[in-house]
Amino acid sequence: MIRYRRPKQDDPVIYDLIRRELVPFTHMPPQDIEAVFKDLPVRLSRGVSLIASPTYEADPVAFIHFLIYGDLLYIDMMAVATEHQRQRHGKTLMAHAENLAVSRGCQRAKVMVDRDNTRAHLFYRRLGYRTQRYIPLSQCYELEKRLPSRT
């Protein structure tokens, strides 16, 4: 089931998912990672966070956080617990985010993927995202996708 984030219940699990599933791929030094974690409450308060969980009351097994800027859907973060990968949680979360964005007039979606996160690259490519450029400073690839028009 997909639901909106409940900060008190979900944030500790989200932080753990970030540490386990995203941090291992980053090239940031430890002090920068800790600064990112200190900023997470503010970061998560901007945009939309959706949760995948077995039931409405259950803890998250996956999450996505995204922002909408004009006609752009920007996927800020997404993570799926290792033991719940390959169960379509990521694909379902992406579909919800993209559908919401299209309903608000977005025409394209963008995501940054760490250089060494090959599984994420494959995941996004299967969803139609294409590499636009490599950003050496952050050691990330920028991927983009055209979204369907509203009908």
Side-chain angles (χ1 to χ4, degrees), residues 1-28 30 32-131 138 140-148 150:
M1 96 153 307
I2 304 299
R3 62 175 172 76
Y4 287 97
R5 165 182 160 256
R6 290 188 218 122
K8 287 185 195 271
Q9 176 184 351
D10 299 331
D11 285 2
V13 180
I14 289 171
Y15 291 13
D16 186 55
L17 282 170
I18 293 168
R19 280 200 195 279
R20 287 188 294 133
E21 305 299 336
L22 300 178
V23 169
F25 296 104
T26 188
H27 294 89
M28 286 193 275
D32 289 355
I33 293 170
E34 289 313 310
V36 166
F37 272 90
K38 283 183 184 175
D39 187 50
L40 276 177
V42 171
R43 188 171 171 181
L44 290 172
S45 72
R46 299 183 192 120
V48 177
S49 297
L50 298 176
I51 301 298
S53 62
T55 65
Y56 185 76
E57 294 300 326
D59 284 341
V61 298
F63 83 98
I64 188 170
H65 180 73
F66 58 92
L67 300 107
I68 294 175
Y69 298 107
D71 74 342
L72 174 69
L73 164 64
Y74 178 72
I75 307 298
D76 182 37
M77 295 181 283
M78 187 176 82
V80 179
T82 302
E83 61 274 18
H84 292 277
Q85 290 177 2
R86 307 206 48 86
Q87 296 176 18
R88 302 180 63 90
H89 295 301
K91 189 173 183 179
T92 302
L93 286 167
M94 285 296 296
H96 274 76
E98 289 177 359
N99 289 337
L100 180 62
V102 167
S103 77
R104 294 193 180 168
C106 289
Q107 298 173 0
R108 58 197 177 102
K110 187 177 287 193
V111 64
M112 303 294 281
V113 177
D114 287 298
R115 181 188 69 202
D116 298 329
N117 195 342
T118 53
R119 287 188 74 180
H121 283 267
L122 286 171
F123 171 78
Y124 289 111
R125 286 193 62 76
R126 286 185 188 122
L127 293 179
Y129 286 77
R130 297 293 171 249
T131 302
S138 61
C140 289
Y141 288 95
E142 177 183 275
L143 286 74
E144 191 167 322
K145 172 184 176 177
R146 298 286 310 159
L147 295 174
R150 278 196 297 196

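Here the straight-line distance linking atom OG of S103 with atom CD of E98 works out to 12.0 Å at 0.5 Å rounding. Rounded to the nearest 0.5 angstrom, F66 CZ and M94 CE are separated by 9.5 Å. Annotation: the span from I18 atom CD1 to I33 atom CD1 amounts to 11.5 Å, rounded to 0.5 Å. Rounding to the nearest 0.5 angstrom, the gap separating the CD1 atom in I51 from the OH atom in Y4 is 12.0 Å. Rounded to the nearest 0.5 angstrom, L50 CG and L93 CG are separated by 6.5 Å. In this structure, NZ on K91 lies 11.0 Å from CZ on R86, to the nearest 0.5 angstrom.
A search for salt bridge (Lys or Arg N to Asp or Glu O under 4.0 Å) contacts involving R104 returns nothing, not counting sequence neighbours. With sequence neighbours excluded, no residue forms a salt bridge (Lys or Arg N to Asp or Glu O under 4.0 Å) with D116. Among residues two or more places apart in sequence or in another chain, the salt bridge (Lys or Arg N to Asp or Glu O under 4.0 Å) test is passed with E34 by R19.
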For this session: With side-chain contact (heavy atoms from CB on, under 4.5 Å) as the test, would you mind laying out the steps for E144 and Y129 before giving the verdict?
Result: CA-CA 5 Å; E144 191 167 322; Y129 286 77; 5.5 Å; no
For this session: Using the salt bridge (Lys or Arg N to Asp or Glu O under 4.0 Å) rule, take R3 and D10 through it: C-alpha gap first, then chi angles, then the decisive distance, then the call.
Result: CA-CA 11 Å; R3 62 175 172 76; D10 299 331; 2.7 Å; yes
Exercise. Does the pair R5 and D11 meet the rule for a salt bridge (Lys or Arg N to Asp or Glu O under 4.0 Å), with working shown?
Worked result: CA-CA 8 Å; R5 165 182 160 256; D11 285 2; 2.7 Å; yes
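A donor-acceptor contact shorter than 3.5 Å is absent between the side chain of H65 and the backbone of M78. Between the side chain of H89 and the backbone N or O of M1, no donor-acceptor pair lies under 3.5 Å. At distances below 3.5 Å, at least one donor-acceptor pair connects side-chain atoms of T55 with backbone N or O atoms of A58. For the pair D39 (side chain) and A35 (backbone), a donor-acceptor distance under 3.5 Å is absent. Side-chain atoms of N117 do not come within 3.5 Å of backbone N or O of V113 as any donor-acceptor pair.
Minimum heavy-atom separation, S53 to P60: CB-CA, 4.2 Å. Between A62 and V80, the closest heavy-atom pair is CB-CG2, 3.7 Å. Closest heavy-atom contact between G70 and I68: O-CG2, 3.8 Å.
Within the structure, every pair that satisfies the side-chain hydrogen bond (donor to acceptor under 3.5 Å, both in side chains) test and touches residues 69-84, not counting sequence neighbours, is listed here: E21-T82, R43-D76.
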Under 3.5 Å donor-acceptor pairs involving side-chain atoms of residues 119-128, not counting sequence neighbours:
from, atom 1, to, atom 2, distance (Å)
R119, NH1, Q85, OE1, 2.9
R119, NH2, Q85, OE1, 3.3
H121, NE2, D114, O, 3.3

Output side-chain donor-acceptor pairs under 3.5 Å for residues 105-112, partner residues at least two apart or in another chain, one line each.
none

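Two residues are said to be in side-chain contact when any heavy atoms from C-beta on lie closer than 4.5 Å; H96 and L100 fail this criterion. Residues I75 and K145 form no side-chain contact, since every pair of their non-hydrogen atoms from C-beta on lies 4.5 Å or further apart.
Counted within 6.0 Å of CZ on R130, heavy atoms from surrounding residues, nucleotides or ligands total more than 12; the atom is thus considered enclosed.
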